[in-house]
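The figures that follow rest on heavy atoms only: side chains count, while hydrogens, waters and symmetry mates do not. Sequence lines set the chain letters: A, B, ... in the order given, protein chains first and strands last, and positions in each chain run from 1. Here the structure is a predicted model, which is why all the values come from computation and not from measurement.
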Protein chains: 2
Amino acid sequence: MGIGNVSERRLQSPHVGVSVVILALGPGSDDASSASVDTDDGASSKTTSPVPRQAVPHRRLWMPLVRRTRQPYLGMWALPGEDVSADETLEHAACKALESTTALTPRYLEQLRAFGGPDRSQGGLPMVTVVYWAMVGRTETWTPDSIDDMRWFAEDELPELAFDHRQIVDYALRRLRTTIEYPDVVARLIGPTFTLRQLHGVVEAIAGQTVDLANFRRRILASGELEDTGEKIREGRQRPAAVYRYVPRAERDAASWTRGLFGDELHRINQELRLRRESDARAFDDPLSALVPHRG
Amino acid sequence: MGIGNVSERRLQSPHVGVSVVILALGPGSDDASSASVDTDDGASSKTTSPVPRQAVPHRRLWMPLVRRTRQPYLGMWALPGEDVSADETLEHAACKALESTTALTPRYLEQLRAFGGPDRSQGGLPMVTVVYWAMVGRTETWTPDSIDDMRWFAEDELPELAFDHRQIVDYALRRLRTTIEYPDVVARLIGPTFTLRQLHGVVEAIAGQTVDLANFRRRILASGELEDTGEKIREGRQRPAAVYRYVPRAERDAASWTRGLFGDELHRINQELRLRRESDARAFDDPLSALVPHRG
DNA sequence: ACAAAAGTGTTTTGTATACACCCATGA
DNA sequence: TCATGGGTGTATACAAAACACTTTTGT
């Protein structure tokens with residue numbers, strides 16, 4: 001693979017970064033329980049929602065964007081991202097980006113694709129960006145915490161985005177909409193336990209359209225990957241619903257890394273991240289140790 | 001995205017490379033038309049096919065591997081690859097890797113995934129490798145051209161591979177086997193025109209099992225993306241078969257970049273590659289011009 | 001009792017499969 | 001005319017969609 005040929009193009013190697021399309025379930029438009037931050041902060045007018053929409057009967061996907069503080073595309077909205085250093089995994093970098101943007105814990109993380117080429121940097125350094133998508137937060141009682149240069153946007157009311165991030169988002173949503181055909185992904189998106197109605201809400205939001213609840217129920221139960229916990233919970237004020245748990249079937253697990261990482265593995269990575277950060281702080285006095293590969 | 005923060009970790013950025021899983025349709029085992037190079041070259045014994053298999057009724061996928069000429073994993077088989085320079089697209093680099101290995105023209109090229117992290121280099125430089133898979137060659141009259149440090153292997157008789165390339169190959173095959181559900185991908189894999197039997201052969205080889213020809217015929221025709229050219233061709237000595245052409249349906253095209261690149265686009269990239277190479281040769285005397293982004 | 005949500009049954013439609021069958025052609 | 005591959009018909013099984021319906025609960 002040409003490692004070691006230091007002469008020619010070696011110094012022209014592109015830099016590596018990650019960006020994350022972070023998704024959470026939020027209200028549809030005209031929803032009474034709306035917690036959306038529609039108060040326009042005093043910023044430039046081009047950041048306001050460009051596409052007026054009529055009422056959406058189901059919930060929608062929301063994603064946080066950050067405002068760029070540098071050229072190029074200064075002041076424009078962009079996907080959260082991080083540089084990747086040689087001693088960390090791509091997933092680590094993605095988790096850092098996640099953490100820097102939202103305090104919610106990720107339920108799912110999957111690599112989407114790498115984007116590269118000289119055309120996409122537009123005046124910045126040439127970058128190869130590995131894009132992940134992540135699913136965070138619970139479906140209920142969701143309050144987007146918008147601060148200074150970060151803000152949540154509904155999937156169909158996005159502002160103009162920096163770089164090729166609009167293409168990336170479109171790609172992510174398309175990929176997401178084919179991914180939800182796997183019952184295990186949907187089930188684990190929502191958390192350890194859930195009612196069928198909650199699950200149904202996720203699917204509708206992702207699919208972007210209403211889905212027959214009765215048929216959904218049958219399909220998801222027929223998959224054999226849901227287990228009745230015996231508990232019951234009342235979402236509204238009416239009849240309590242059965243609470244289910246996702247229970248993986250053996251052979252599936254072997255193929256799971258094909259798709260993405262789930263809550264438990266993510267938790268492990270985040271743990272490791274915290275440890276790493278501490279040792280990084282120590283390494284500040286001893287720069288050499290930072291060059292040593294992490295596992296030593 | 002942190003571009004411009006040159007201090008801290010900037011110098012620790014991993015290098016970027018591409019690897020390509022190159023696939024071609026070849027004979028199944030016990031096939032009389034076998035053109036496989038089963039003469040063991042005098043190399044080390046660990047390169048011989050490790051898994052003895054019984055006869056496979058359908059054709060199989062074959063892929064070229066290259067022998068490593070450097071540490072780590074010196075002498076071991078690995079996926080063809082290239083370093084990526086800042087002024088080229090990832091697809092360009094992938095095409096270079098393709099070209100350096102086989103003279104066959106690619107029918108399809110799709111990015112699989114980026115692999116990274118400190119664990120995978122094992123003594124080499126930290127690398128983020130963007131892996132592509134490609135489909136080359138025609139289904140008939142296939143002769144693998146094995147030379148010195150390159151050799152074709154059947155998908156189910158691979159030797160031990162360097163780095164994490166075995167995982168990568170497994171991942172590629174899994175992905176390929178889900179991709180063939182798209183009729184357009186299958187159709188365009190084989191070339192501009194083809195008989196249904198040829199197409200059927202591709203699907204069987206990729207699926208790794210026999211597929212009912214009658215039902216396959218119906219399904220693929222029902223997709224509405226195949227057009228009868230009116231021509232007929234005799235493959236064997238019997239009744240001639242109708243020749244079809246792939247004709248894309250409008251809306252599909254918008255989503256096509258979601259998957260991969262096909263022959264025509266690849267042709268364009270290869271053209272561009274050749275031009276680039278010439279200008280690179282010129283730039284040898286004028287190193288500065290190589291730093292200018294290609295589109296200037 | 002009523003509203004609202006949980007959960008079930010039933011009919012229809014479409015699609016994948018298995019496999020029997022006919023057709024066209026060259027030897 | 002027969003073997004071989006090209007191409008079609010058909011019965012069956014299964015999965016998804018549509019939607020009417022019953023049950024359970026709180027007010």
- Task: Carefully, step by step, assess A:Arg166 and A:Asp170 under the rule salt bridge (Lys or Arg N to Asp or Glu O under 4.0 Å).
- Result: CA-CA 6 Å; A:Arg166 181 60 204 232; A:Asp170 288 342; 3.4 Å; yes

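- By the side chain to side chain donor-acceptor pair (under 3.5 Å) test, B:Asp164 is found to be paired with B:Arg120, residues two or more places apart in sequence or in another chain being considered.
- Residues satisfying the side chain to side chain donor-acceptor pair (under 3.5 Å) test with B:Arg219, not counting sequence neighbours, are none.
- Scanning DNA chain D 5' to 3' for nucleotides with an atom closer than 4.0 angstrom to a non-hydrogen atom of chain A gives a first and last hit of D:dA16 to D:dG26.
- Cation-pi check for A:Arg113 over A:Phe115 is met; the charged atom lies under 6.0 angstrom from the ring centroid and within 45 degrees of its normal.
- In this structure, A:Arg218 forms no cation-pi arrangement with A:Phe216, as its terminal cationic atom is not both closer than 6.0 Å to the ring centre and no more than 45° off the ring axis.
- With sequence neighbours left out, A:Arg234 forms a side-chain contact (heavy atoms from CB on, under 4.5 Å) with A:Pro240.
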- Note on the structure: Expected string for nucleotides 5-15 of chain C under the B/S/- scheme (protein heavy atoms, under 4.0 Å, primed atoms plus P, OP1, OP2 as sugar-phosphate) is SBBBBB-----

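- Remark: A:Glu227 pairs with A:Arg245, A:Val247 by the side-chain contact (heavy atoms from CB on, under 4.5 Å) rule, at least two apart or across chains.
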